[in-house]
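Residue indices begin at 1 and follow the sequence shown. Atoms within a ligand are numbered from 1 in the order they appear, just like the ligands themselves.
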Amino acid sequence: MAIPDAALERAAELRAEIAFHNRQYHRFDAPKIPDAAFDALMQELLRLEKEFPQLLTATSPTLNVGGPISKAFSEVRHERPMLSLENAFSREDIEDFWRRLQQKIGDHEVTLVAEPKLDGLAVSLIYDKGHLVCAATRGDGETGEDITANILTIGDIPQQLEGTGWPSHFEIRGEVFMSREGFKRLNECALLAGEKTFANPRNAAAGSLRQIDSRVTRERPLSFYCYGQGAYPSEDLPSHHYQLLQQLSAWGIPINPEILRVTSIEGCLSFYEDLMKRRPTLAYDIDGVVYKVDLLADRERLGPPTARAPRWAIAHKFPAEEALTRLISIDIQVGRTGALTPVARLEPVFVGGVTVTNATLHNAEEIQRKDIRAGDQVVVRRAGDVIPEIVRSLPDQRPLTSAPFEIPTHCPVCGSKVDHSPEETILRCSGGLFCPAQHKESIRHFASRKAMDIDGLGEKLIDQLLERHLIETVADLYTLSANGLSALDRLGEKSAENLIKALDESRHTTLPRFLFALGIREVGEVTGRLLADHFRQFEDLMAADTASLEAIPDIGPSVAQHIVTFFQQPHNREVIRKLLDNGVFWDPLPARPATEALPLAGKVFVVTGTLDGFTRDQASAAIITLGGKVTSSVSKKTDYVVIGKEPGSKASKARDLGIDLLLEEDFIHLLKESGHEPSGT
Ligand code: IVH
């Protein structure tokens, strides 16, 4: 079959692009596009070559595993080629893999070893009489770079093996990687020193390993996990891969503990799902899992490798966390407290398993620092359940007409001047409740679940109530009637009745909820509870001055000032009076139990990372209710550190200080033991 011109052209284009990105990635450790975008180019070329086999040439990138080898290091010829892995992206791909295995080795139950696929770089280590004598990168798969001097600086990697019984000469392979924490620290230092930062932990690890001066490598937080053997005397090999890993571990070689034997497709998929769920809590980046035939004799029966990969293993990739798309515009949203937040409007893109159309840009300064502009091609990242963010833009592809982002000087909604306080990176509209955006957000906040909990009063409805002047302030909500509401668009009689019922029910509230609902700056749920607990009588809080507020533990000068200012404003006092006149009430608080008598009295907690079952405020509230204290930084005075996902440096500091670390389940256990009942507030 003749090859259509379009296919010829596209293949040439793809090869040129792949070669360019290969160079960026392997030689300069500075990729221009996300891995998934590179994978997509490769997949497209593979598809073309499959459809038109005449397109395939010996030099096609689809047949070559790695990048070119650098001239900076001396060359090492691998005793056995270092291959890559075939990729699977779906359940069907895994079913195909199992089918192929069943065809060749289906005469007995097949066991696979499932392992995390670390996102670092492959290295080969050679041990001679128990000594590490040579370390090399993969290079082009046949020949790598000699990085022995640099590998010797990695504390994780034994220079001399422990125990006995190792073969006199053998090779192992594994991944050198950088933990997320190490990467963050490295980039922070680079920023401070005005040096170039790395795009991700993988590039940081690669850049660190390819340093000419190994003293630089020594300073870099590199780690290593071994995942298999290279050239290894067959008489010394255990029968199974799993046993080999245990054996290597006994000699002091680090092995990833997250390894499991599975015997079915379902087993593979549940390992995959589980790890994908826990991915954000792992200390290092992974981009999928690898399934490998456990019995080494079975591997032989599967036949020789394809051009790039063995037949006994497959990489099951996670949905990409990064993708490329176009930034349509940068909109500015105005929050309840006037904070201006830039939001990126994107051409829809599938990333991290969902279609993303909006992403956060953090703050205006960051947009300028990263020089992100409307119209740019941008890298969008969505990791776990974290809000999608723009990592960087690709300025090379930017239209000549594009203009840098300008920090707004006036509120885009009400036109008031924007304040930019020197202590904060946040820009704030100075319009207060005069600003329609702030006004609307304050009503939404008032109605929200943790505040007055007015079911059914959503954003659209609030918009209409304001537009039609049915309400001016939150107090007017309690004068609405089902009749009046039925005039609103798309609000049926039943919904109107339900809303009135919800409003009526919300009248009976609690003092902490009421305080939170008022929307005083810096008064969140926890502070609301703290204030209610301290003052007990609302009138006493309204009359408090800054000195008496600051005397309360955990109330700083800034919150104290916000509280006093809030209650001084006649408008706020008027709204509060009307709310109470319109029937809002709460049960008087019972006499305060002596804090000393409470189960967690005297115990100081720090909460860090994301918990599954609590917001950080809820966890703090539970601790405070039981008499404990919550502080924000870890010190010798801390008794417990509660750690959620992505705990950050507080957890390591606590570990260094020998403070008790509580995982979420330990924390729940402690709360239960202390008689805490989830309040559902
Ligand atoms: S086994 C014959 N196991 O993924 C290839 N590779 O995309 C043997 N990788 O070059 C590789 N974690 O750098 C294997 N648990 C793991 C891995 C792993 C990460 C890397 C490795 C390999 C690349 C292939």
| query | Taking Lys645 as the fixed residue, which of Leu611, Leu282, Thr610 is the one that meets the side chain to side chain contact (heavy atoms under 4.5 Å, CB included) rule? | reply | Thr610
| Taking the six-membered ring for Trp, are Tyr272 and Phe318 parallel (under 30°), tilted (30 to 60°) or perpendicular (over 60°)? | tilted
| note | Looking only at non-hydrogen atoms, the one of Tyr227, Tyr291, Tyr225, Trp312 nearest atom 21 (C) of ligand 1 is Tyr227
| Counting both backbone and side chain atoms, is some N or O of Leu121 under 3.5 Å from an N or O of ligand 1? | no
| said: Counting only heavy atoms closer than 4.0 Å, does ligand 1 sit against the backbone of Leu85, its side chain, both, or neither? | reply: both
| Can any side-chain N or O of Asp294 pair as donor or acceptor with the backbone N or O of His241 at less than 3.5 Å? | yes
| Relative to atom 12 (N) of ligand 1, which among Ile314, Asp287, Leu118, Asn87 owns the nearest non-hydrogen atom? | Leu118
| request: Go through the steps for Asp274 and Lys277 under the test salt bridge (charged side-chain N to carboxylate O under 4.0 Å, His left out), then give the verdict. | output: CA-CA 5 Å; Asp274 171 61; Lys277 233 184 269 147; 5.8 Å; no
| said: A cation-pi test, strictly: NZ or CZ of Lys196 under 6.0 Å from the centre of the six-membered ring of Phe198 and no more than 45 degrees from its axis. Yes or no? | reply: yes
| query | Has Lys370 got more than 12 heavy atoms of other residues, nucleotides or ligands less than 6.0 Å from its NZ? | reply | yes
| message | Any nitrogen or oxygen of Pro116, side chain or backbone, less than 3.5 Å from one on ligand 1? | response | yes
| query | Non-hydrogen atoms of Ser84 versus ligand 1: any pair closer than 4.0 Å? | reply | yes
| query | Is it true that Lys292 lies under 4.0 Å from ligand 1, counting heavy atoms only? | reply | yes
| said: Please determine whether a side-chain nitrogen of the Lys or Arg among Asp285 and Arg180 lies less than 4.0 Å from a carboxylate oxygen of the Asp or Glu. | reply: yes
| remark: Quick look: Ala122 vs ligand 1, heavy-atom contacts under 4.0 Å, and the answer is both
| said: Can you report which non-hydrogen protein atom sits closest to atom 9 (N) of ligand 1, along with the distance? | reply: Glu175 OE1, 3.6 Å
| said: Show me which atoms of ligand 1 lie under 4.0 Å from any heavy atom of Arg138. | reply: 10 (O)
| query | Just which atoms of ligand 1 are under 4.0 Å from any heavy atom in Pro310? | reply | 2 (C)
| query | Quick check: does any side chain N or O of Thr137 sit under 3.5 Å from a backbone N or O of Glu145, one acting as donor and the other as acceptor? | reply | yes
| query | With Phe177, which of Phe224, Tyr284, Phe183 fulfils ring pair (Phe, Tyr, Trp, His ring centres under 6.0 Å)? | reply | Tyr284
| said: Please confirm whether Ala315 approaches ligand 1 to less than 4.0 Å, judged on its heavy atoms. | reply: no
| query | Tell me, which protein residue and heavy-atom name are nearest atom 23 (C) of ligand 1, and how many Å apart are they? | reply | Lys117 NZ, 3.9 Å
| said: With a heavy-atom distance limit of 4.0 Å, tell me whether Glu115 approaches ligand 1 through its side chain, its backbone, both, or neither. | reply: side chain
